[in-house]
Amino acid sequence: MHRWSKLFIPTLREAPTDAEVASHKLLLRAGYIRQLGAGIYSYLPLGQRSLNKIIAIIRDEMDKIGQEFLLPTLNPVELWQESGREAVMGQNLFHLKDRKGAELVLAMTHEEVITSIARNELRSYKQLPQVWYQIQTKFRDEPRPKSGLMRVRQFTMKDSYSFDIDAAGLDKSYNKHDAAYRAIFTRCGLEFVAVEADSGAMGGSGSQEFMVYTEAGEDLIASSASGYAANLEKATSKLTPLEDLAPTGDGMPELVHTPGKASIADVTEFFGIHASQDIKCVAFVGLTAKAESVPRPVVAFLRGDHQVNETKLAAVTGVTELRPMVPLELEVHIGGPAGFLGPVGIREVMTQGSLNGLNSGKELAKLKGVLRENPSEGLKSIVVMDLGLQGRANLVAGANQQDYHYRNVTPGRDFTPTVIADIRNINEGEPDPISGEPLRLGKAMEIGHIFKLGYKYSESMNARVLDANGKEVMPIMGCYGIGVERILTAAIESSAARFAAESSTEQYALPASIAPYEVIVTITNVREPELLQAGEDIAEKLEKAGVDVLLDDRDERAGVKFKDAELIGVPYRINIGKKLADGQVELVDRLTQKTEDLAVDSVTQHLVALLAASKQ
RNA sequence: CGGGGCGUAGCGCAGUCUGGUAGCGCACCUGGUUCGGGACCAGGGGGUCGGAGGUUCGAAUCCUCUCGCCCCGACCA
């Protein structure tokens, strides 16, 4: 029997000022967590109970499709150099040295370790498929830990890895995870959406993120009534074709003096056109992970009313990082000043000659150095045009000289991009690509991610098995993660948002499946022996019926106990009070905010039924 | 890493500008009253004012350096 009077549940009336988002404040106030450093938290008994319940659900579902491991967090750095991820992850990976000076890293995921086991132990296709998982602490030296448990440096993650003999096998393993994840999040009481996602630094092809809509989230996702859902990084839409301007003059690009008209707004006003008829130019320097690689200029053209999506642009151009060009770079690579950049006559290949006449600066000197060493190659710009400009005609664009624009610019005729691709962010309300339903954009947080990794690690770490023909082949892999603390955080954020909308109060109630206790029995006054006794009896009966019950037997005033019970997020409360004289107690359902009076004898049965129903 | 803010009792804060015995509310301890929505009265405990150095007769307060935390951005399986 868990009696509050004997437990450590340090609730706070006020939240520390450090806490900003609802879940962070509530976790602190409810005595679930305490902060030790930036992005480092202790889990107090209540928090640990809740996390343990989440882990139990994950484990239950994962055991149906895989086998659990416990893997080392301390990894030799060589392992990460082998996979190439030491370089890719850079500062995000915690590094340390042992007493002998050997370099170690703290694992942020376990692809390397699991693949090293696989390559050492798996020999035959007969041993495949395998699904291996682990639930343990992972480390990331986040540049900016924030929002309580949402973005931290040390956290619990369920990670699993699948090994299959071929792509069809991987599809099966991937789909099993998809189903398991849906079961897990549903059992945790979350309302989630699965979205198409960018695979990012993990590499690989197919990928889905499991997201929970919340204002505290860090991602933007797009979804529609048709069921289409995608991360903004990946979301596409079906745009209706636009009617373009009629050509003027001889129909060829015509130089127009546009003094001081450097912004899209200025230009469209000057020409009396809509922003969709203007060509926007956004210029970047693209970098790859390799230290010796030469930065490539990446120039993007898109509709004036569209926003460039750097994730898509990076994927299309094959670079891993994009940064905006500085003014000197604009001059060198494109040949025009900011505000008057355009596709007509853009310098596509940078040579020593094209640098002549430019003022020298540090970056220019460096660039000249690169070209001197590699004069024949030059520096090729990658010119990417967004699909929104395809088939368009007679648009307005910068002329790459101060205070001049062109009109009658027609893509394909007046300039030829290296690549034509979708490189923009979709906007709210655009038709989805499946059925044309309007897209809704919303903030969300990621709670899980499944990837088809492919051969990335099998190849870099040299894992091989023999197939049915006795031929050596690489196993194909998938990897699948769930953020354990994020499930708790998402549940609190969702519930808190609902309470805030309905009653403008800062409170929450957790689903019974992941709450630290399923029910709290509140004895309104422990000095009245009948109340105390009735509370003890009911709590005991509940416990015998298999209910996870907390008995609030503290000698506190009723108001304090009610507030505390609400703070810790337990979904059901039984009040033992005055009505006991009539043989009745109150059952409060925190989720529906409804209270009903029940006979002392029937309350256990009633609650058991409610809990069973909530787990459906 | 860029920008902004904050470090004074467990929590929330005042005091810093203008140097002069470190305060308030909540929480905590003792006694009493109260007892269904964060009670009241009386008494009490608790602080190297983030740290180091400096200026000064005297520093929470002024100066220099430093550490930490939060927010925005960059970043982010």
Side-chain angles (χ1 to χ4, degrees), chain A residues 10-21 24-25 28-29 31 34-41 83 85 88-93 107-112 138-148 150-153 155 157-161 197-204 207-210 217-219 231 233 310-311 314 320-324 445-453 456-457 477-483 486 505 507 522-528 531 552 554-567 573 575-580 585-586 588 595:
Chain A
T11 59
L12 262 27
R13 188 180 291 205
E14 291 169 291
T17 33
D18 283 354
E20 193 84 358
V21 299
H24 189 195
K25 287 188 219 171
L28 285 168
R29 290 188 53 207
R34 286 296 182 263
Q35 182 170 16
L36 189 61
I40 311 174
Y41 289 88
S83 71
R85 279 214 300 172
V88 176
M89 294 309 171
Q91 297 271 88
N92 268 19
L93 191 61
M108 56 201 300
T109 65
H110 282 81
E111 281 80 1
E112 284 79 4
K138 314 255 167 165
F139 293 84
R140 284 186 200 178
D141 194 357
E142 287 286 345
R144 183 147 105 79
K146 61 174 176 180
S147 308
M150 280 185 62
R151 183 159 293 282
V152 290
R153 296 196 290 175
F155 56 100
M157 170 159 279
K158 187 289 300 179
D159 241 340
S160 51
Y161 306 95
D198 179 69
S199 303
M202 289 299 298
S207 143
Q208 251 189 326
E209 283 171 339
F210 291 84
E218 300 177 307
D219 286 87
N231 196 304
E233 291 173 347
E310 292 189 29
T311 306
T320 51
E321 200 189 323
L322 289 165
R323 65 162 176 84
M445 69 181 285
E446 181 185 353
I447 50 172
H449 203 155
I450 57 178
F451 287 94
K452 291 181 184 173
L453 266 182
K456 183 180 156 90
Y457 294 89
M477 291 176 61
C479 75
Y480 318 89
I482 292 179
R486 283 191 171 191
T505 55
Q507 53 172 316
T522 300
I523 301 168
T524 56
N525 187 346
V526 293
R527 297 185 180 202
E528 292 189 26
L531 298 187
D552 190 352
R554 293 175 300 165
D555 185 9
E556 289 285 353
R557 298 166 67 84
V560 173
K561 300 173 89 164
F562 293 151
K563 290 285 186 196
D564 269 347
E566 280 151 18
L567 239 194
R573 184 173 84 230
N575 294 334
I576 316 289
K578 288 173 187 161
K579 293 171 188 163
L580 186 69
V585 294
E586 287 166 350
V588 182
T595 301

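Reminder, nothing fancy here: chain letters follow the sequence lines and each chain counts from 1.
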Touch check for A15(A), heavy atoms < 4.0 angstrom, all strands: base, sugar-phosphate only, or nothing? sugar-phosphate
Establish, from distance only, whether the side-chain atoms of R557(A) and T524(A) form a donor-acceptor pair under 3.5 Å. no
Base contacts versus sugar-phosphate-only contacts with protein, heavy atoms under 4.0 Å: please encode nucleotides 25-41 of chain B as B, S and - from 5' to 3'. BSS------BBBBBB--
So P143(A), base contact, sugar-phosphate only, or nothing? Heavy-atom distance under 4.0 Å. base
Do K138(A) and H110(A) have side-chain N/O donor and acceptor atoms under 3.5 Å apart? yes
Judged by atom type as modelled, is there a donor-acceptor pair below 3.5 Å linking the side chain of Q35(A) to the main-chain atoms of G37(A)? yes
On the nucleotide C70(B), are OP1 or OP2 found under 4.0 Å from the side-chain N or O atoms that Q35(A) carries? yes
Is there a donor-acceptor contact under 3.5 Å linking the side chains of R85(A) and Y457(A)? yes
Rounded to whole angstrom, note down the C1' distance from G20(B) over to G37(B). 47 Å
Under 4.0 angstrom, heavy atoms only, what part of the nucleic acid is T522(A) near: base, sugar-phosphate, or nothing? nothing
Using only heavy-atom distances, decide whether a donor-acceptor pair under 3.5 angstrom links the side-chain of R151(A) to the base of C76(B). yes
Between C76(B) and G15(B), how many Å separate the two C1' atoms, rounded to a whole number? 42 Å
So, R573(A) and E586(A), do they make that salt bridge, N to O below 4.0 Å? no
With a non-hydrogen cut-off below 4.0 angstrom, is S147(A) in contact with a base, only sugar-phosphate, or nothing? sugar-phosphate
